[in-house]
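Shown next, in structure tokens, is the structure this report addresses.
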Amino acid sequence: MTEEQLASEFAEHRSVLVGAAYRVVGSVSDAEDVVQEAWLRWSAIDHDDIRDPRAYLIRITTRLALNRLREQKSRREQYVGPWLPEPLATDDDPAAAVELADSVSMAMLVVLETLSPLERATFVLREVFDLPYDEIADTLGRSESAVRQLAHRARGHVHARQPRHHVDKARHDELTMRFMQAAGSGDFDQVVALLAPDAVLISDGGGKKKAALRPIHGAEKIARWLFAVIAENPDFEIRMGTLNGEIAYIAYDGDEPDTVAFLKTDDGLISELYLIRNPDKLEHVQ
């Protein structure tokens with residue numbers, strides 16, 4: 001197979017591979033580095049025995065992403081405040097959006113962050129890409145029985161963190177829009193009314209922008225913190241965009257994105273808010 005043919009076949013699966021790596025590492029730049037490393041591996045091997053290029057590439061990409069995730073550990077330990085995944089633009093690439101689907105929603109990625117690296121990789125390979133257990137075992141260097149246990153634990157953990165009630169997308173979008181309008185107009189009582197009593201806000205400034213160093217719990221505490229940030233930034237312009245395959249709200253300071261907000265709803269109220277303010281994580285936001 002010529003290098004041009006190898007490159008063409010790799011390019012055919014690139015969106016899938018970026019999605020696989022991103023689900024494991026939670027960082028766009030790290031995911032792209034992983035995929036580039038996967039290409040180097042792909043271009044250097046004998047392809048005669050590869051029956052399913054897509055499955056093979058997903059496996060090697062996930063293995064490389066797992067290594068990258070382990071390398072991130074020291075960086076995460078020194079990080080200032082909560083660490084949230086980097087937003088991923090999907091509105092300008094319909095093919096990528098289909099591949100990513102709801103398994104890269106910010107809420108899902110936050111849940112995946114709570115899994116062990118092996119559980120996370122197993123969940124991605126099994127639940128997202130439906131690879132057989134024996135192939136996952138070979139990818140991770142574990143026995144098939146161990147991989148089944150990893151998959152069982154990961155599924156149970158993810159299921160426990162899912163909304164208690166089915167969330168209709170139109171209802172979700174309408175509710176989050178009402179919330180942002182209330183926040184923008186300064187209606188404190190309406191903001192509190194739209195938040196679940198036990199709602200939680202997690203903000204990621206990375207030590208470079210103002211953010212709460214710990215999650216904020218409770219509707220009134222969240223509202224007070226939000227209005228304090230709004231008061232300090234009166235010139236923010238709020239726009240809607242599609243990030244991670246869902247509606248996100250982007251606060252612009254001039255032409256530069258300052259904050260990306262994702263809202264999770266459950267039972268007709270907003271249950272979780274994720275605010276990414278670290279400028280290093282907003283480089284891919286248009």
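What's counted below: heavy atoms across the whole structure, side chains too, no hydrogens, waters or symmetry copies.
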Check whether F236 and L243 end up in the same hydrophobic cluster, where Ile, Leu, Val, Met, Phe, Trp and Tyr are linked by side-chain heavy atoms less than 4.5 Å apart. no
Looking at Y133 and S143, would you say the former's side chain and the latter's main chain have a donor-acceptor pair under 3.5 Å? no
Test: D33 and R68 ion pair at under 4.0 Å: yes
Which is it for W83 and N278 under the side-chain contact (heavy atoms from CB on, under 4.5 Å) test, yes or no, and what are the steps along the way? CA-CA 10 Å; W83 191 97; N278 184 344; over 6 Å; no
Any chance CZ of R214 has more than 12 other-residue heavy atoms, nucleotides or ligands included, within less than 6.0 Å? no
Are R239 and Y252 in a cation-pi setup, meaning NZ or CZ lies under 6.0 angstrom from the ring centre and within 45 degrees of the ring axis? yes
Using residues 120-127 as the side-chain source, report each donor-acceptor pair under 3.5 Å to any protein atom, sequence neighbours left out, with the distance given to one decimal.
from, atom 1, to, atom 2, distance (Å)
R120, NE, R23, O, 2.8
R120, NE, V24, O, 3.0
R120, NH1, V24, O, 3.3
R120, NH1, E113, OE2, 2.9
R120, NH2, R23, O, 2.9
R120, NH2, V24, O, 3.3
R120, NH2, E113, OE2, 3.3
T122, OG1, L118, O, 2.8
R126, NH1, L131, O, 3.0
E127, OE2, R155, NH1, 3.0

Should V110 and P85 count as side-chain neighbours, where that means a heavy-atom distance under 4.5 Å? yes
Side chain to side chain contact (heavy atoms under 4.5 Å, CB included) with I276: which of K209, E86, M106? M106
Around atom CD of E232, are there more than 12 heavy atoms of other residues, nucleotides or ligands at under 6.0 Å? yes
Before giving the answer on side-chain contact (heavy atoms from CB on, under 4.5 Å), spell out for H157 and E119 the whole-Å C-alpha distance, their side-chain angles and the decisive distance to 0.1 Å. CA-CA 10 Å; H157 192 80; E119 287 172 345; over 6 Å; no
Spatial distance of atom NE2 (H13) from atom CZ (R54) [nearest 0.5 Å]: 7.5 Å
What side-chain hydrogen bond (donor to acceptor under 3.5 Å, both in side chains) pairs are there with at least one residue in residues 177-189, not counting sequence neighbours? none
Give the ring-plane orientation class for W42 versus H47, where under 30° counts as parallel, over 60° as perpendicular and anything between as tilted. perpendicular
Between D204 and K281, does the salt bridge (charged side-chain N to carboxylate O under 4.0 Å, His left out) criterion hold? Intermediate values first, please. CA-CA 9 Å; D204 176 349; K281 295 186 178 183; 2.6 Å; yes
Lys/Arg N to Asp/Glu carboxylate O, E12 vs R14, below 4.0 Å: no
Value for OG (S43) from CZ (F10), rounded to nearest 0.5 Å, stands at 8.5 Å
With the 4.5 Å side-chain cut-off for hydrophobic clustering, are V80 and L201 part of the same group? no
Spacing of CZ belonging to R75 relative to OG belonging to S27, to within rounding of 0.5 Å: 7.0 Å
Would one find more than 12 heavy atoms of other residues, nucleotides or ligands at under 6.0 Å from atom NE2 of H152? no
Within a strict 4.5 Å, meaning less than it, do heavy atoms of the L109 and N244 side chains meet? yes
Is there a side-chain contact between S105 and M108, using heavy atoms and a 4.5 Å cut-off? yes
Which heavy atom in P87 sits nearest to a heavy atom in V285, and how many Å separate them? CB-CG2, 4.3 Å
Between NE2 on residue H172 and CG on residue L263, distance to nearest 0.5 Å: 6.5 Å
Taking the side chain as C-beta and beyond, is there a heavy-atom pair between F262 and L84 under 4.5 Å? no
Gap separating the NZ atom of K169 from the OG1 atom of T265, nearest 0.5 angstrom: 11.0 Å
Taking all non-hydrogen atoms of both residues, which atom of A65 and which atom of A21 are closest, and how far apart? CB-CA, 4.0 Å
Give a yes or no on whether L69 and V18 share a hydrophobic cluster (residues Ile, Leu, Val, Met, Phe, Trp, Tyr; joining criterion: side-chain heavy atoms under 4.5 Å apart). yes
How would you list, by chain and number, every residue that makes a side-chain contact (heavy atoms from CB on, under 4.5 Å) with R224, sequence neighbours excluded? F188, E220, K221
Any non-hydrogen side-chain atom of T61 less than 4.5 Å from a side-chain atom of I58? no
Closest non-hydrogen contact found for A251 with I238 is CB-CD1, 3.5 Å
Partner of L273 under side chain to side chain contact (heavy atoms under 4.5 Å, CB included), picked from L195, T176, I202, V200, is L195
Hydrophobic clusters here meaning ILVMFWY residues chained together by side-chain heavy-atom distances under 4.5 Å, can you tell me if I45 and I60 are in one? yes
Of all the heavy-atom pairs spanning A212 and P82, show the shortest one and how long it is. O-CD, 3.4 Å
From I270 CD1 over to F179 CZ, what is the distance, rounded to the nearest 0.5 angstrom? 5.0 Å
Test of understanding: clusters of I, L, V, M, F, W, Y form through side-chain heavy atoms closer than 4.5 Å, transitively. Do L226 and L213 belong to the same one? no
Which atom of S271 lies closest to which atom of A196, heavy atoms considered: CA-CB, 4.3 Å
Would you call E32 and Y22 a side-chain contact if the rule is heavy atoms closer than 4.5 Å? no
Heavy atoms, side chains only, cut-off 4.5 Å: are T259 and I250 in contact? no
V260 vs L282 side-chain heavy atoms within contact, under 4.5 Å: yes
With no hydrogens and no angle check, do the side chains of Y56 and D49 hold a donor and an acceptor under 3.5 Å apart? no
With side-chain contact (heavy atoms from CB on, under 4.5 Å) as the criterion, how do F129 and T62 come out once you've worked through the C-alpha distance, each side chain's angles and the decisive distance to 0.1 Å? CA-CA 11 Å; F129 296 108; T62 303; 5.6 Å; no
Stepwise side-chain contact (heavy atoms from CB on, under 4.5 Å) test for R59 and D138: CA-CA 9 Å; R59 287 172 55 197; D138 183 58; 2.4 Å; yes
